[in-house]
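Everything below concerns the one structure shown next.
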There are 2 protein chains.
Amino acid sequence: MTNGRFATALHILTLLAKQEPELLSSAYIAGSININPVLVRKEIRNLQNHGLILSKEGKNGGSTLAKPSTKILLSDIYQAVRPTTLLGRSNTPNPACPIGKQINTHIESLYSSAEEALIQQLGSQTLADFTNRFS
Amino acid sequence: MTNGRFATALHILTLLAKQEPELLSSAYIAGSININPVLVRKEIRNLQNHGLILSKEGKNGGSTLAKPSTKILLSDIYQAVRPTTLLGRSNTPNPACPIGKQINTHIESLYSSAEEALIQQLGSQTLADFTNRFS
DNA sequence: TCATACTGTAATATTATTTATTACAGTACA
DNA sequence: TGTACTGTAATAAATAATATTACAGTATGA
């Protein structure tokens, strides 16, 4: 992925974890990340759908963690922003070529075992582990 | 990464491995992958720089593997096409925010250990292992 | 020695993806 | 009932990836 969604999501969750149980507004969060508030709201919505965040509408509204940071794995965050393919997109090879015809199947299974390794590694750390590194 | 370079490089190397020790032209390879020959030549050049491929210019020229496919790890291929950051780019957070100021350092080290896990997994298979899966 | 079939590479155009911006409806509070 | 939020759609702008065109350089072999 060439986008910054993982970094953005992690930043959002770090802020929420650090200022728990305060409700933080998307404008405040966007100011810290230095991106557009609409992007933040979209990502918050997504993290909400994945059960990591709770939001409250209306005046004095905002967002907070849906569960303690010790219960949020970094792999949960990855899964929430997971790109279609970790190692990039595949091509649409020539079906007339015996290699071209088969390669995407093999690439797919390769990608999924590679991603599995990544998820295992990310799953070994919690959001709390990550935020504790901040001085 | 949103690009198809890993898939392209793997496709190139698979073709070369399967037809060793023949010299394959970029036009032939591009026909199998179904992308522009110039992209193939660029990637071949890159794989050459990484010691995976040998090329011969002029008439009847083309490319072949620089070493047996049993000696090429899938992680070597990843390293050759490695994007700046596996998990996407980071933001340029607000330095006035105590979290924003530090987060990129922590994200960087997180990314590098995640990538390390991926490389280990890819390093457990050779190009020969991959090409042997083709029927 | 010259036509041919390649690689190598630069320059540019096109397309796809990502991010930013604008706008506004809906909600809760005080 | 004004104010400060979320939620979301629509669109624009910026960036990244791929395709295309063009041509110089190189080796082969007729």
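- Counted within 6.0 Å of CD on A:Glu20, heavy atoms from surrounding residues, nucleotides or ligands total more than 12; the atom is thus considered enclosed.
- Using a 4.0 Å heavy-atom cutoff across all strands shown, B:Ser63 reaches no nucleic acid atom at all.
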#### Entry: Reading 5' to 3' through nucleotides 25-30 of chain C, protein heavy-atom contacts under 4.0 Å coded B for base, S for sugar-phosphate only, - for none
--BBB-
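- With distances taken from any side-chain atom of B:Asn3 to the nucleotides C:dT19, C:dT7, D:dT18, the minimum falls on D:dT18.
- Spacing between atom CD1 of A:Ile33 and atom C1' of C:dT19 amounts to 13 Å, rounded to whole angstrom units.
- Between A:Asn34 atom CG and C:dT19 atom P there is a gap of 13 Å when expressed in whole angstrom units.
- Here the P atom of nucleotide D:dA4 and the CG atom of A:Leu24 are 18 Å apart, to the nearest Å.
- Place B:Arg41 and A:Ile44 on DNA chain D by their nearest nucleotides, and A:Ile44 ends up nearer the 5' end.
- When distances run from any side-chain atom of A:Leu39 to the nucleotides D:dT20, C:dT19, C:dT7, the shortest one goes to C:dT19.
- Side-chain contact between B:Gln79 and B:His50 is absent, with no heavy-atom pair separated by less than 4.5 Å.
- Comparing C:dG8, D:dA17, D:dA9 by their nearest atom to the side chain of B:Gln48 picks out C:dG8.
- Atom-to-atom, CG of A:Asn91 to P of D:dA17 comes out at 14 Å; the value is rounded to the nearest Å.
- In this structure A:Asn94 satisfies the side chain to side chain contact (heavy atoms under 4.5 Å, CB included) test together with A:Ala96, A:Cys97, sequence neighbours excluded.
- Nucleic acid contact for B:Arg45: sugar-phosphate only, since backbone atoms but no base atoms lie under 4.0 Å from a heavy atom of the residue.
- Using a 4.0 Å cut-off, some side-chain N or O of B:Asn36 falls inside it from OP1 or OP2 of D:dT20.
- Rounded to an integer number of Å, the gap from CG of A:Leu23 to P of D:dC5 is 11 Å.
- Residue A:Lys18 places its NZ atom among more than 12 non-hydrogen atoms of other residues, nucleotides or ligands, all under 6.0 Å distant.
- Using modelled atom types, no side-chain atom of B:Asn34 and backbone atom of B:Gly31 make a donor-acceptor pair closer than 3.5 Å.
- Distance, A:Glu43 CD to D:dG7 P: 13 Å, rounded to whole Å.
- The NZ-C1' distance, from B:Lys42 to C:dT12, rounds to 11 Å in whole Å.
- The side chain of B:Arg89 approaches D:dT15 more closely than any other nucleotide in the set D:dT20, C:dT17, D:dT15.
- Distance A:Leu47 CG to D:dT6 P: 14 Å, rounded to the nearest Å.
- Under a hydrophobic-cluster definition in which Ile, Leu, Val, Met, Phe, Trp and Tyr are linked whenever side-chain heavy atoms come within less than 4.5 Å, directly or via other members, A:Tyr28 and A:Ile12 are assigned to the same cluster.
- Judged as a ring-ring contact (aromatic ring centres under 6.0 Å, His included), and not counting sequence neighbours, the contacts of B:His106 are A:Phe134.
- For B:Gln102 (side chain) and A:Ser135 (main-chain N/O), a donor-acceptor pair under 3.5 Å exists by modelled atom type.
- Under 4.0 angstrom from either OP1 or OP2 of D:dC5 there lies no side-chain N or O belonging to A:Ser25.
- OP1 and OP2 of D:dT6 both lie 4.0 Å or more from every side-chain N or O belonging to A:Ser55.
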